[in-house]
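The chain is numbered in sequence order, starting from 1.
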Amino acid sequence: MKEDIHQYTGEDIVVEYDVNRCIHARECVRGLPDVFDPDKRPWIEPDNAAVEELMSVIMQCPTGALQFERTDTDYVEPVPKQNTVSVVLDGPLYLAGDVEITSPDETVLLRDTRVALCRCGASSNKPLCDNSHEAVEFEASGTISDGHTSHSPSERDGTLRVTLLPDGPLRVEGQFEMQGYDGGAKRCVDGATLCRCGGSNDKPSCDGTHEEIGFSSGEASE
């Protein structure tokens with residue numbers, strides 16, 4: 001995973017922007033256009049809004065491309081109580097919660113509260129989404145057929161560990177809620193195996209198609 005991080009310093013906060021994780025979801029622009037203006041340079045001006053309002057909008061960035069560090073207090077972004085995996089129509093998987101991305105040997109590659117993972121198989125920054133789904137005209141339903149209503153757990157879900165299987169799917173371990181573009185949801189308590197080659201006929205789940213199409217994840221096989 002490649003990083004290209006830029007920092008924008010305000011009076012009480014530093015905003016970090018990772019170009020390689022941004023897929024232009026534009027939650028920041030819609031939320032605080034006086035702070036985030038892609039047509040200006042610098043395009044982020046942290047002091048154009050109250051710090052608390054700025055933090056709130058940054059935490060709406062679904063990819064984690066935007067992060068912040070308070071310089072006046074020890075405040076850090078809270079970890080959501082519930083882990084969620086949101087299936088985007090014709091797009092990536094948005095993960096939120098106590099998310100940990102690991103290699104098969106359990107090396108932690110990324111830990112964050114907000115991550116966008118590629119599911120079209122074409123990203124040049126795997127396992128992260130880089131918007132390649134648009135270039136390859138990826139089509140995949142965001143429907144979760146169970147249609148259950150959203151559930152709020154009484155206790156924290158704990159760590160959501162995502163292991164990158166070389167030339168294969170994403171093995172997700174831990175409790176989470178799978179949320180669909182259609183509003184459907186289902187509670188997953190035993191983990192899941194999710195497609196990242198783009199070819200499964202059972203998306204978002206893996207059905208073994210990666211082997212048939214010779215999917216290359218770009219990671220060295222163990």
* To do: Only pairs at least two apart or in different chains count here, so list each salt bridge (Lys or Arg N to Asp or Glu O under 4.0 Å) that has a residue in residues 84-97.
  => none
* Contact list for residues 188-199, test side chain to side chain donor-acceptor pair (under 3.5 Å), sequence neighbours left out -> R196-E219
* Would you kindly confirm whether L93 and M1 end up in one hydrophobic cluster when ILVMFWY residues are joined by side chain heavy atoms under 4.5 Å apart? => yes
* Would L194 and M178 count as a side-chain contact (heavy atoms from CB on, under 4.5 Å) if you check the C-alpha gap in whole Å, the side-chain angles of each, and the deciding distance to 0.1 Å? -> CA-CA 11 Å; L194 302 179; M178 181 85 75; 3.8 Å; yes
Cut-off 3.5 Å, no hydrogens considered: what does the side-chain donor-acceptor table look like for residues 115-129, sequence neighbours left out?
residue	atom	partner	partner atom	Å
R119	NE	G91	O	2.6
R119	NH2	V88	O	2.8
R119	NH2	S141	O	3.1
S123	OG	N125	N	3.0
S123	OG	L128	O	2.6
S123	OG	D130	OD1	3.4
S124	OG	D130	OD2	2.8
N125	OD1	K2	N	2.7
K126	NZ	G121	O	3.3
K126	NZ	S123	O	2.7

* Members sharing V79's hydrophobic cluster (side chains within less than 4.5 Å) -> none
* To do: Keeping to residues at least two apart or across chains, list the salt bridge (Lys or Arg N to Asp or Glu O under 4.0 Å) pairs with something in residues 45-68.
  => K40-E45
* Quick one: closest heavy-atom pair of N83 and D157, and the distance? => N-OD2, 2.8 Å
* Asked: Counting only N and O atoms by type, is there a donor-acceptor contact under 3.5 Å from the side chain of R26 to the main-chain atoms of I23?
  -> no
* Asked: For residues 57-106, which residue pairs qualify under ring pair (Phe, Tyr, Trp, His ring centres under 6.0 Å), counting only residues two or more places apart or in two chains?
  -> none
* Transitive ILVMFWY cluster of F138, excluding itself - 4.5 Å side-chain cut-off -> V136
* **For R171, side chain to side chain contact (heavy atoms under 4.5 Å, CB included) partners two or more places apart** => T163, L165, E173
* Structure fact -> Nearest heavy-atom approach of R156 to K81 is NH1-CA, 3.3 Å
* Interatomic spacing from CD in Q179 to CD in Q82 - rounded to 0.5 Å -> 6.5 Å
* Taking the side chain from N48 and the backbone from D34, do they hold a donor-acceptor pair closer than 3.5 Å? -> yes
* With distance as the sole criterion, is a donor-acceptor pair present between the side chains of Q67 and D112 under 3.5 Å? -> yes
* Asked: Should the heavy atoms of other residues, nucleotides or ligands under 6.0 Å from CZ of R111 be counted, would the total exceed 12?
  -> yes
* To do: Please name the pair of heavy atoms, one in P204 and one in V87, separated by the smallest distance, quoted to 0.1 Å.
  => CG-CG2, 4.1 Å
* Spacing of D74 atom CG and E69 atom CD [to the nearest 0.5 Å] -> 10.0 Å
* Asked: Between D18 and D4, which heavy-atom pair has the shortest distance, and what is it?
  -> OD1-N, 3.1 Å
* Asked: Is any side-chain heavy atom of T113 less than 4.5 Å from a side-chain heavy atom of P80?
  -> yes
* Other cluster members, I5 - Ile/Leu/Val/Met/Phe/Trp/Tyr, side-chain contacts below 4.5 Å -> none
* Structure fact -> Across all chains, not counting sequence neighbours, the ring pair (Phe, Tyr, Trp, His ring centres under 6.0 Å) partners of F36 are W43
* To do: Report the residue from V57, V15, L54, V29 that forms a side chain to side chain contact (heavy atoms under 4.5 Å, CB included) with V35.
  => L54
* To do: For residues K203 and G198, report the shortest heavy-atom separation together with the two atoms involved.
  => CE-O, 3.1 Å
* Structure fact -> Interatomic distance, CD@E137 vs OG@S132, rounded to 0.5 Å, equals 13.0 Å
* Taking the side chain as C-beta and beyond, is there a heavy-atom pair between Q175 and E155 under 4.5 Å? -> no
* More than 12 heavy atoms of other groups within 6.0 Å of F215 CZ -> yes
* Looking only at heavy atoms, what is the nearest atom pair of V85 and L160, with distance? -> CG2-CD2, 4.1 Å
* Asked: Rounded to the nearest 0.5 Å, what separation is found between the CD atom of E211 and the CD1 atom of I213?
  -> 10.5 Å
* Indicate whether any N or O donor in one side chain lies under 3.5 Å from an N or O acceptor in the other, for E100 and T159. => no
* To do: Not counting sequence neighbours, which residues clear salt bridge (Lys or Arg N to Asp or Glu O under 4.0 Å) with D72? List them please.
  => R70
* Main-chain N/O of D12 paired with T71 side-chain donor or acceptor, under 3.5 Å -> yes
Identify all side-chain donor-acceptor contacts of residues 58-66 below 3.5 Å with residues at least two apart in sequence or on another chain.
residue	atom	partner	partner atom	Å
T63	OG1	R21	O	3.0
T63	OG1	A65	N	3.1

